[in-house]
Amino acid sequence: MEKQGVKAELVEEMSCHLKDLLDKAVAETMHSYKRKIASALSSKKDHVNNKRHQGSISEKQKVFMHRASLLDDLMEVEHFRTIYHMFVAVLCVFVINTTAVDIIDQGRLFLDLDLLFYTFGQLSTVVWTWLCLFMYTLLVPYRALHVLGSLYPESSHPLLLSAFIGGLLLVCQIFVLGVLPIYVVTQYKLPPASSFIVILEQVRFLMKSYSFLRECVPLLLRKEKKDIQLPKFSSYLYFLFCPTLIYRESYPRTTYIRWNFVAKNFAQFLGCLFFGYYVLFTLCIPVFTNMSKQPFSNKTLVLSIFHATLPGTFVLLLSFFAFLHCWLNAFAEMLRFADRMFYEDWWNSTSFSNYYRTWNVVVHDWLYYYVYRDLLSLCNQRYRAGIMLTVFLLSASVHEYVFTLSLRYFYPVLFCLFAIFGVLFNFMMNDKRKSPVWNVMVWTFLFIGQGIQLCLYSQEWYAQIHCPLTEKTFWGLVTPRSWSCRL
């Protein structure tokens, strides 16, 4: 009995001791937790303040840094690689289908690439035109800046000198970068893809030269005589080839070139080119070839638009992957250009405003820094909605300009979708929309928009062939042939 009593006392004493220890541990844990919470809140506040301070500084210019393209990071995930493999499998199905049909119908393999060769015809003309544009952009703006930099500090009339050199350069820009590509495309009657190359390079050289002058001239005019440091020719030459439209004296660079990565991206680019060709050749051309000859009806138009939705979506995705990922990454790797953020996760967008910002970061940066912010500064930080509308109209006009000259007919489908519906969706579906339902809506409108563009542009292309213009009047040139042929 005594032993049991002693044992009970020991158990009770131990339980009380453990209870005290447990209470002490809980109290210390709560005290430590409160300190951690307070420290975390304090550090978060400091981080926000630092971020705001850095934001106020970094808003003045774009900051380049070492970062890979988003798809390269996602390709490390096996599940995402499977989606990529599915697209490759679809391409293999197109190839197998074409091979089987040729063997069954003709008894042999017949690769009908005539349309592809026609689309990229007259490449010699494209090459010499590009060389002219490149040599002019390389030499004339750079030389004009150096002349201004050498004469401006000693000039007694600096404003007159600046106006004279600027006016002379503007005239040269208009005639060489403005008129020459239009003359070549129209006079030599370049096919669509070759015309796209010339006109897109025209726009690229204009944007590059403007960025170079916009970044260098204000610094040159603000500095004192002894502080003037003109940009290096090697830096400007590098800028003309690197995949960005924002000029800097130097960019973050990688340590070496991965030539297997370059070859892989060029191979993927060619694969996307043939993929797009098979999509258009098998899904679009048979449908739209004779459509302009048939009686027009609203039923036919609606059905053809939805028929073009799937191939139009393929064209959208292939264009993004081929150019914004493969082409730009290949050149970035060859030039050891480290900042590979050419796009962001636009596919997750729940608003069109976010989609426009993340679809093509290269062009968006140029529009933001050199159009939106400069106009906002000129207007004393007022009229933001009007300035945003101006940026939309400028972007839509340039897109329509490229399509009009490349296809050689005026049919403002893209302009209307971009400048009218795009603006409405940008204000209606803003960044406050976070539900996944809005992402579904964004994709739905993208699908329908691609179907409308592919359908109407294809109809107009064949209408131009089957119903040529007999009398060249102004209204005849601006009126779509797919409309006038049915009147």
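Everything numeric here is computed off the predicted structure, so don't read it as measured data.
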Checking F196 against F403 for the ring pair (Phe, Tyr, Trp, His ring centres under 6.0 Å) test, could you report, in this order, the C-alpha distance in whole Å, the side-chain angles of both residues, the deciding distance, and whether it holds? CA-CA 8 Å; F196 265 107; F403 270 75; 5.5 Å; yes
Can you confirm whether L180 sits close enough to Q202 that some side-chain heavy atom of one is under 4.5 Å from a side-chain heavy atom of the other? no
Side-chain (T313) to main-chain (T309) donor-acceptor, under 3.5 angstrom: yes
With side chains defined as the heavy atoms from C-beta onward, is the minimum distance between W438 and S351 less than 4.5 Å? no
Are W443 and F447, when compared by the centres of their aromatic rings, separated by less than 6.0 Å? yes
Judged by modelled atom types alone, do S235 and E249 share a side-chain donor-acceptor pair under 3.5 Å? yes
Apply ring pair (Phe, Tyr, Trp, His ring centres under 6.0 Å) to the pair Y356 and F392, showing each step before the final yes or no. CA-CA 10 Å; Y356 292 137; F392 266 96; 5.2 Å; yes
H325 side chain near D72 side chain, heavy-atom distance below 4.5 Å: yes
Six-ring centre of F64, K62 cation under 6.0 angstrom, axis tolerance 45°: yes
Parallel, tilted or perpendicular: which describes the rings of Y84 and F321, with under 30° parallel and over 60° perpendicular? tilted
In R258, K264, R253, the residue satisfying salt bridge (charged side-chain N to carboxylate O under 4.0 Å, His left out) with E333 is R258
Taking the six-membered ring for Trp, are Y368 and H364 parallel (under 30°), tilted (30 to 60°) or perpendicular (over 60°)? parallel
Between E460 and Y462, do the side chains contain an N or O donor and an N or O acceptor separated by less than 3.5 Å? no
What class does the angle between the rings of F80 and W347 fall in, given that below 30° is parallel, 30 to 60° is tilted and above 60° is perpendicular? tilted
Does the ring center of F212 lie less than 6.0 Å from the ring center of F239? no
Hey, does T244 have a side-chain heavy atom less than 4.5 Å from the side chain of W366? no
Pairwise side-chain contact, L71 with N329, heavy-atom cut-off 4.5 Å (strictly under): no
L245 vs D365 side-chain heavy atoms within contact, under 4.5 Å: no
Can you confirm whether R408 sits close enough to S195 that some side-chain heavy atom of one is under 4.5 Å from a side-chain heavy atom of the other? yes
Could you please spell out the steps behind the ring pair (Phe, Tyr, Trp, His ring centres under 6.0 Å) verdict for F274 and F281? CA-CA 10 Å; F274 282 101; F281 189 78; over 10 Å; no
State plainly whether the residues E201 and R204 are in salt-bridge range, i.e. N to O under 4.0 Å. yes
